[in-house]
Amino acid sequence: MREGHEGTGPGAITPDGCAVEFYSRLPAGDEPDVIAAAAPAGARILELGSGVGRMTHALLERGFEVTAVDESAEMLERVRGARTICSPIEDLDLGERFDVVLLASFLVHAGDAEVRRGLLRTCVRHVAEGGCVLIQREGEDYHTNVPRERVDPSGFTVRIVSSEPVGDGVNSVRVEYEFPDAVWTHTFRARPLTREQFEEALEETGLRVDQYLTEDRTWVRAVPGASGERGA
């Protein structure tokens with residue numbers, strides 16, 4: 001288990017505290033549409049932190065070729081139709097380059113700054129010339145609008161129970177997922193990043209913001225190169 005990460009509930013729990021069974025139930029939402037709109041048709045996508053294939057399967061249905069990477073073998077057992085690779089993201093070096101590298105699930109907010117750098121370096125290492133990196137950020141009020149809850153249309157409730165500082169700009173976040181027949185909890189460490197801090201983190205590893213893809217700026221297209229005009 002990664003330091004500061006914990007999960008409870010039925011089934012296997014991954015090293016970062018995620019519950020395999022919960023993610024198997026989680027709907028894809030509109031995230032695949034955001035990705036598809038930003039990626040060239042039929043692109044080769046390297047999905048970092050694919051989990052059980054929640055987005056993988058939706059992207060395959062849209063005609064993309066996906067290589068799914070996750071450090072949990074239990075997660076990857078649920079992936080169908082894609083090439084799968086079991087590895088920590090920060091250690092990955094496939095010797096290949098892809099049209100699109102996908103870093104979703106707020107992974108860029110890793111509490112350990114060196115882990116974040118490793119994640120972003122992996123993105124840079126695998127993106128093709130002329131390609132892009134698609135990154136999902138936390139919402140601006142993710143750590144301040146707590147506690148809060150959301151009832152998903154598919155029938156479960158998500159509660160962000162708390163987000164408490166643990167030092168060095170890092171928060172410990174506790175989330176509950178309640179279904180009619182099961183409850184899972186997830187505790188993890190996350191580092192809030194302002195827009196400026198986020199852009200600096202990218203530039204530190206040789207990326208720059210090309211465009212913010214959503215109005216709330218939670219989805220970002222980045223490209224190699226530490227300078228240049230940033231998206232609005």
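Residues satisfying the salt bridge (Lys or Arg N to Asp or Glu O under 4.0 Å) criterion with D93, sequence neighbours excluded, are absent altogether. Qualifying side chain to side chain contact (heavy atoms under 4.5 Å, CB included) partners for V127, counting only residues two or more places apart in sequence or in other chains: V101, V133, P224.
Within the structure, the salt bridge (Lys or Arg N to Asp or Glu O under 4.0 Å) test picks out the following pairs touching residues 22-41 (sequence neighbours left out): E21-R25, R25-D181, E31-R54, D33-R62. Identified under the side chain to side chain donor-acceptor pair (under 3.5 Å) test for residues 154-163, with sequence neighbours left out: H143-S163, E149-R159, D152-S154, R159-E178, S163-N171.
Across all non-hydrogen atoms, the minimal contact from G169 to R191 is O-CG, 3.7 Å. Between I135 and A222, the shortest heavy-atom distance links the atoms CD1-CB, 4.4 Å.
Distance alone, capped at 3.5 Å, is enough to place a donor-acceptor pair between the R137 side chain and the R217 backbone. At least one donor-acceptor pair under 3.5 Å links the side chain of H57 to the backbone N or O of R80. Using a distance-only test at 3.5 Å, with no hydrogens or angles considered, a donor-acceptor pair links the side chain of H186 to the main chain of D16. A donor-acceptor distance shorter than 3.5 angstrom exists from the side chain of Q136 to the backbone of S105, with no hydrogens or angles considered. The main-chain N or O of L92 is found under 3.5 Å from a side-chain atom of R125 such that the two form a donor-acceptor pair. At distances below 3.5 Å, at least one donor-acceptor pair connects side-chain atoms of T122 with backbone N or O atoms of I89.
The 12-atom threshold is not exceeded at CD of E215, counting heavy atoms of other residues, nucleotides or ligands nearer than 6.0 Å.
To the nearest 0.5 Å, the span separating CG on L76 from CD1 on I85 amounts to 9.5 Å. One finds the CG atom of L103 at 11.5 Å from the CZ atom of R116 (value rounded to the nearest 0.5 Å). Atom CZ of R2 and atom CG of D112 lie 9.0 Å apart (nearest 0.5 Å). Interatomic distance, CD of E164 versus CZ of R174, reported as 12.0 Å (0.5 Å rounding). How far CD of E77 is from OG1 of T84: 9.5 Å, rounded to the nearest 0.5 Å.
Cluster partners of V175 are V20, F22, Y23, L26, V52, M75, F106, Y142, V146, F156, V158, I160, V173, Y177, F179, W184, F188, counting Ile, Leu, Val, Met, Phe, Trp and Tyr whose side-chain heavy atoms approach within less than 4.5 Å, directly or via other members.
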E114 and R121: CA distance, side-chain angles, deciding distance, salt bridge (charged side-chain N to carboxylate O under 4.0 Å, His left out) verdict: CA-CA 10 Å; E114 193 52 43; R121 288 178 187 129; 3.0 Å; yes
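Residues D70 and S72 bring no donor and acceptor atom of their side chains to less than 3.5 Å of each other.
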Side-chain donor-acceptor distances from residues 43-51 under 3.5 Å, at least two apart:
from	atom 1	to	atom 2	distance (Å)
R44	NH1	R97	O	2.9
R44	NH2	E96	OE1	3.1
E47	OE1	T56	OG1	2.5

